[in-house]
Q: 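The structure's right below; bear with me while I get my questions together.
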Amino acid sequence: MSQEGQKHAEELARLEARKKDLEDALMRLARDEVETARAAAKRANSPIEEKTMTKDVRKAARLNREAAETQLDTLAKSMQQDGETFEKAYLRALDTDMGKALMQTRDDAQELERGGITSMDVAEARKSLQA
């Protein structure tokens with residue numbers, strides 16, 4: 001085999017090994033996602049007392065949700081250009097890092113307010129699955 005042919009064979013072998021590594025990683029990710037969904041569903045179905053959701057926690061979550069919504073509105077208004085609708089500016093604001101963070105905060109507060117699953121719960125479940 002020529003030197004160039006040898007290089008191509010080595011490169012092909014390297015790429016095939018990389019492909020297998022990626023496929024394995026995708027399988028692990030899919031398995032982890034299923035386990036996370038199971039953990040989230042189990043928590044969602046547990047009695048509210050087990051979640052230690054007090055009236056004060058719900059009130060704080062509501063206030064956090066409302067604050068995040070207000071900040072999202074303020075961000076959109078600050079980005080709104082002449083002649084642009086608020087809705088279009090709001091959508092652009094959601095595409096920013098700040099908008100994404102505020103939306104995540106709002107979503108988590110809303111879930112916490114109603115005793116649902118927050119992104120922190122999902123992250124915790126993923127972490128425990130990886131341990």
Side-chain angles (χ1 to χ4, degrees):
M1 183 182 294
S2 71
Q3 215 174 17
E4 191 171 320
Q6 181 66 29
K7 279 183 175 179
H8 288 297
E10 290 171 358
E11 179 68 10
L12 180 60
R14 188 185 67 75
L15 290 172
E16 286 176 351
R18 180 70 178 137
K19 178 183 175 190
K20 183 175 179 346
D21 289 345
L22 290 172
E23 288 172 345
D24 290 347
L26 283 173
M27 291 300 289
R28 283 191 308 274
L29 178 62
R31 184 188 67 236
D32 290 350
E33 289 296 326
V34 168
E35 291 302 319
T36 299
R38 285 181 184 152
K42 183 179 177 183
R43 184 176 184 279
N45 292 326
S46 65
I48 199 72
E49 295 79 25
E50 290 180 27
K51 297 177 195 173
T52 64
M53 289 299 299
T54 66
K55 193 173 184 179
D56 291 340
V57 170
R58 287 194 173 155
K59 181 179 178 182
R62 180 181 52 81
L63 294 173
N64 286 342
R65 178 184 49 80
E66 290 171 352
E69 290 170 348
T70 299
Q71 290 175 1
L72 274 167
D73 287 349
T74 301
L75 178 62
K77 287 175 186 172
S78 72
M79 293 178 66
Q80 191 172 7
Q81 299 171 355
D82 289 338
E84 182 179 39
T85 64
F86 175 77
E87 290 78 14
K88 189 170 182 177
Y90 192 88
L91 289 174
R92 281 191 311 108
L94 290 176
D95 282 336
T96 66
D97 289 341
M98 177 63 81
K100 290 173 187 174
L102 287 170
M103 194 62 164
Q104 184 66 60
T105 299
R106 188 200 73 82
D107 291 348
D108 281 342
Q110 180 177 329
E111 287 303 313
L112 189 58
E113 185 178 1
R114 64 183 185 191
I117 307 300
T118 67
S119 66
M120 285 104 28
D121 294 325
V122 173
E124 187 177 310
R126 282 188 182 136
K127 185 177 177 183
S128 70
L129 289 172
Q130 292 173 352

Q: OG1 of Thr74 to CE of Met98: how many Å apart, nearest 0.5 Å?
A: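 Output value for this atom pair is 11.0 Å.
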
Q: Any chance you could measure Met120, atom CE, to Glu124, atom CD, to the nearest 0.5 Å?
A: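 Answer rounded to 0.5 Å: 10.0 Å.
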
Q: Report the C-alpha distance between Tyr90 and Asp73 in whole Å, list the side-chain angles of each, state the deciding distance to 0.1 Å, and finish with yes or no for side chain to side chain contact (heavy atoms under 4.5 Å, CB included).
A: CA-CA 7 Å; Tyr90 192 88; Asp73 287 349; 3.5 Å; yes

Q: Show the nearest heavy-atom pair for residues Leu102 and Ala68, with the distance to one decimal.
A: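 Smallest heavy-atom distance, with atoms named: O-CB, 3.8 Å.
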
Q: If hydrophobic clusters are built by linking Ile, Leu, Val, Met, Phe, Trp and Tyr wherever their side-chain heavy atoms come under 4.5 Å apart, do Phe86 and Leu94 end up in the same one?
A: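 The answer is yes; both residues are in one hydrophobic cluster.
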
Q: What pair of heavy atoms forms the shortest contact from Leu72 to Met103, and how long is it?
A: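 Heavy atoms of Leu72 and Met103 come nearest at CD1-SD, 3.9 Å.
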
Q: Taking only Lys NZ, Arg NE, NH1 and NH2, and the carboxylate oxygens of Asp or Glu, determine whether Glu84 and Arg92 approach each other closer than 4.0 Å.
A: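 Looking at Arg92 together with Glu84, the answer is yes, because their closest N to O distance falls below 4.0 Å.
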
Q: Are Asp108 and Glu111 close enough that some pair of their side-chain heavy atoms sits under 4.5 Å apart?
A: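 When only atoms from C-beta onward are counted, Glu111 and Asp108 do not touch, as no gap falls below 4.5 Å.
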
Q: Between CG of Asp107 and CZ of Arg65, what distance do you get to the nearest 0.5 Å?
A: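 Rounded to the nearest 0.5 Å, the CG-CZ separation comes to 11.0 Å.
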
Q: Just do the salt bridge (charged side-chain N to carboxylate O under 4.0 Å, His left out) check on Arg14 and Glu10 with the steps written out, would you?
A: CA-CA 6 Å; Arg14 188 185 67 75; Glu10 290 171 358; over 6 Å; no

Q: In Å, rounded to the nearest 0.5 Å, how long is the span from CG of Leu75 to NZ of Lys77?
A: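 One gets 11.5 Å once the value is rounded to the nearest 0.5 Å.
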
Q: Where do Ala89 and Ala76 come nearest, in terms of heavy atoms and distance?
A: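 Taking Ala89 first and Ala76 second, the nearest heavy atoms are CB-O, 3.5 Å.
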
Q: Evaluate the side chain to side chain contact (heavy atoms under 4.5 Å, CB included) criterion for residues Leu15 and Glu11: first the C-alpha distance (whole Å), next the side-chain angles of each, then the deciding distance (0.1 Å), finally the verdict.
A: CA-CA 6 Å; Leu15 290 172; Glu11 179 68 10; 3.9 Å; yes

Q: Carefully, step by step, assess Gln104 and Lys100 under the rule side chain to side chain contact (heavy atoms under 4.5 Å, CB included).
A: CA-CA 6 Å; Gln104 184 66 60; Lys100 290 173 187 174; over 6 Å; no

Q: Tell me yes or no: between the side chains of Arg126 and Gln130, is some donor less than 3.5 Å from an acceptor?
A: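 No, Gln130 and Arg126 have no side-chain donor paired with an acceptor closer than 3.5 Å.
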
Q: If we ignore hydrogens and angles and just use 3.5 Å, is the side chain of Arg106 paired with the main-chain N or O of Glu69 as donor and acceptor?
A: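 Absent.
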
Q: What distance do Asn64 atom CG and Gln110 atom CD have between them, rounded to the nearest 0.5 Å?
A: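 One gets 13.0 Å once the value is rounded to the nearest 0.5 Å.
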
Q: Is the backbone N or O of Lys7 less than 3.5 Å from a side-chain atom of Gln3, with the two atoms forming a donor-acceptor pair by type?
A: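 No, because the side chain of Gln3 does not come within donor-acceptor range (under 3.5 Å) of the backbone of Lys7.
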
Q: Find the distance between CE (Met79) and OG1 (Thr96) and round it off to the nearest 0.5 Å.
A: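 Answer rounded to 0.5 Å: 5.5 Å.
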
